[in-house]
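What follows is one structure encoded as structure tokens, with my remarks underneath.
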Amino acid sequence: MAYDKFTVLKSTAVPMPIENVDTDQIIPARFLKATKREGFGDNLFRDWRYNGDDTPKQDFVLNNPIYSGKILVGGRNFGSGSSREHAAWAIYDYGFRCVVSSFFADIFKGNSINIGLLPVQVSPEFLDKIFKAIEADPKAELEVNLPEQTITIVSTGEQESFAINGYKKHNMINGYDDIDYLQAMKSEIKTFAEASLY
Amino acid sequence: MSTPKSLFDKVWDAHVVRKIEDGPDVFFIDRHFIHEVTSPVAFLGLETRGIDVLFPERTFATADHNTPTINQHLPVADPLSANQLKALETNTAKYGISHWGLGHAKNGIVHVVGPENGITQPGMTIVCGDSHTSTHGAFGAIAFGIGTSEVEMVLSSQCIMQPKPKKMRVTINGKLGAAVMPKDVTLYIISQLSAAGATGYFVEYAGDVFRNMSMEGRMTVCNMSIEMGARGGMIAPDETTFAYLKGRELAPKGEAWDKAVAYWKTLPTEEGATFDIEYNFDAADIEPQITYGTNPGLGTGISQNIPLANQVKDGEASYKKSLGYMGFAENEQIVGKSIDYVFLGSCTNGRIEDFRAFASIVKGRKKADNVTAWLVPGSHIVESQIKEEGILDILNEAGFELRQPGCSACLAMNDDKIPAGKYAVSTSNRNFEGRQGPGARTLLASPLVAAAAAVTGKVTDPRELI
Ligand code: SF4
């Protein structure tokens, strides 16, 4: 599935300073019954965002009009738990293009890159600075520069670099995905499979 | 002399089709399991791109996540669930993929049916769009969960893109105490390492405890690897592994069997192989475990009190939120807490040994009146074993009923939801907020602890009942 190319993203951010945000919170299992990739953004953080009667929970950050933007900033160990790619879809479909945390769960990180949602891992100290900047000014902007692999708090100029492997970076900048790559090496795969023991 | 290699390195290196510079490995997948929930969008992707399934014979489909556990002979009532099951049927038929759908004699939870039919074998690479795919590592396979984009990759090219994870070894020597089950061993390890303690690693479990464990027990342990963030876990294949596999339907036969066993014997980690990190624990330190919070790392020995915020690795705010959700307080005793539901089942503890253990405690006792119990076998094969071994009679006599196979209350996608605010002692793998139903409060434990809770109506140390 095609996704937006990613180069430089300058945006306000939504803060969620909670640790161990698991994929069951991001998108509860009862919303995984679709056979198409549609409408997942509506159910992003469903049980934190809405009461049982579907009225919005006023104290949840996504319901607070002060906060907006294309960057979601989460606490440590973001995206733990189930492998459901729906979690990354929900965040992407809601309108985020980047998630920042001091630590990501593996599968979530991989799923995100695969669909064009950039996971940016920063140091715990820098994460703290981001939360403080947003607390001081909800309209504080962050700039995520993928070619340079940097993230900057625009108001203070504080910057940190982040890691991403060259292959995935190239893909995200160009909007390519792994399937394009794998399709091009099918005959090599077939030869490999012929020698397989299983 | 060449450098000594680990089990993980041997299996990984044998499956790298191409190394991408400053990128992941193109990694070949021997067996691919799919189910109704994470596959439809992948098939849709194939259609959109106009590409085909490369090796349909390497993919196996079963319906489990979203299936009812009663009246499976009737049409599925929820139209969305029915639609997903239909999609799996249509997609597998279209591409010629084996499909053990609802009602099929081999149907059951993907991580239960794979091993019991001999699909899972040592030295293989196995993936599935479900994080507990790590279960299959019990056979000395590299097995892990993938996302839907990767399901599409495997269908179309039998490969995924994977950076090689780091290696961790967890060694436990000594002898386990009374009523300490494999589930307790894994909950103990996770409580020591925390829910993120193994992120970025692939774990090998070694030492007496795992060597002496049955295949069912090894599956329980490897299954839970993901709950400490690990990509997967594995245990070296040995005579226990071979004995389990021999004669299973899709296991190699005759000469092929001998050849396979000879190869499998070369797989265990060599003396002197190195790991990025190692942990050692003593079996004697492990008592029956139970969780009290909202991630699987928040667990402790059943006789202990709930820790203080400053004793756990989670931040104080997250910890307090977690206890608040559970309705618990720091330093409270866990034993004696009243419970409402018991769930025996899931790919973690839905195998025959788990039912034997559960039955050993409820035998001659009665289900507590305040408890609703859902006993859900992992597959039809497990279900038949339960009947053949007379376990069903023991259960019925004690006031329990058996449901039909499926994931059930493990993720509560079907009707098996724990109501808001209720407490469930559950043998499944996740105690996240709402995992077993919106507002549900989950205490993860072994089948013995679950049985003790089911007959006493509260959290009870199973050592008092054996
Ligand atoms: S039982 Fe639970 S963890 Fe296992 S496959 Fe089903 S949903 Fe996943």
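Worth saying up front: this structure is predicted, and the values here are computed from it rather than measured. In what follows, every chain begins at residue 1, and chains take the letters A, B, ... in the order their sequences are listed.
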For this session: Report the C-alpha distance between B:V17 and A:M185 in whole Å, list the side-chain angles of each, state the deciding distance to 0.1 Å, and finish with yes or no for side chain to side chain contact (heavy atoms under 4.5 Å, CB included).
Result: CA-CA 10 Å; B:V17 182; A:M185 58 178 287; 3.8 Å; yes
Side chain / backbone / both / neither for [X] at chain A, heavy atoms under 4.5 Å:
{"X": "B:F144", "value": "neither"}
{"X": "B:D78", "value": "side chain"}
{"X": "B:A87", "value": "side chain"}
{"X": "B:P165", "value": "neither"}
{"X": "B:S318", "value": "side chain"}
{"X": "B:T148", "value": "both"}
{"X": "B:E36", "value": "neither"}
{"X": "B:V26", "value": "side chain"}
{"X": "B:N83", "value": "both"}
{"X": "B:R435", "value": "both"}
{"X": "B:L44", "value": "side chain"}
{"X": "B:F55", "value": "side chain"}
{"X": "B:A420", "value": "neither"}
{"X": "B:V16", "value": "backbone"}

For [X], I'd like to know if atom [atom1] has over 12 heavy atoms of other residues, nucleotides or ligands within 6.0 Å.
{"X": "A:K139", "atom1": "NZ", "answer": "yes"}
{"X": "A:K5", "atom1": "NZ", "answer": "no"}
{"X": "B:E57", "atom1": "CD", "answer": "yes"}
{"X": "B:D415", "atom1": "CG", "answer": "no"}

Quick one: of [options], who has the most non-hydrogen atom pairs under 4.5 Å with chain A?
{"options": "B:K417, B:K321, B:E227", "answer": "B:K321"}
{"options": "B:G229, B:G200, B:A412, B:G437", "answer": "B:G200"}
{"options": "B:I20, B:I160, B:T48, B:T294", "answer": "B:I20"}
{"options": "B:E150, B:E433, B:R58", "answer": "B:E433"}
{"options": "B:V151, B:T38, B:D130", "answer": "B:D130"}
{"options": "B:G123, B:A14, B:P252", "answer": "B:G123"}

What part of [X] gets closer than 4.5 Å to chain B, counting heavy atoms only: side chain, backbone, both or neither?
{"X": "A:S82", "result": "both"}
{"X": "A:H170", "result": "neither"}
{"X": "A:A193", "result": "both"}
{"X": "A:N111", "result": "side chain"}
{"X": "A:Q25", "result": "side chain"}
{"X": "A:F104", "result": "backbone"}
{"X": "A:L197", "result": "side chain"}
{"X": "A:F31", "result": "neither"}

Contact between [X] and [Y] at the side-chain level, heavy atoms closer than 4.5 Å - yes or no?
{"X": "A:I179", "Y": "B:I51", "answer": "yes"}
{"X": "B:S149", "Y": "A:D177", "answer": "no"}
{"X": "A:I107", "Y": "B:R231", "answer": "yes"}
{"X": "A:L182", "Y": "B:Q158", "answer": "no"}
{"X": "B:P438", "Y": "A:R46", "answer": "no"}

For this session: Give the member of A:G81, A:A88, A:G110 that has the highest number of heavy-atom pairs under 4.5 Å with chain B.
Result: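 Among the listed options, the one with the most contacts to chain B is A:G81.
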Heavy-atom donor-acceptor pair, [X] side chain to [Y] backbone, under 3.5 Å:
{"X": "B:Q84", "Y": "A:L32", "value": "yes"}
{"X": "B:D22", "Y": "A:N165", "value": "no"}
{"X": "A:K186", "Y": "B:L54", "value": "no"}

For this session: Can you label the angle between the A:Y198 ring and the B:H15 ring as parallel, tilted or perpendicular, going by 30° and 60°?
Result: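 Rings of A:Y198 and B:H15: parallel, under 30°.
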For this session: Applying side chain to side chain contact (heavy atoms under 4.5 Å, CB included), run through A:N114 and B:M153 and close with a yes or a no.
Result: CA-CA 11 Å; A:N114 284 341; B:M153 289 178 217; 3.9 Å; yes
Problem set entry | Chi angles and distances behind the side chain to side chain contact (heavy atoms under 4.5 Å, CB included) call for B:R18, A:F192 | CA-CA 10 Å; B:R18 183 192 283 182; A:F192 188 94; over 6 Å; no
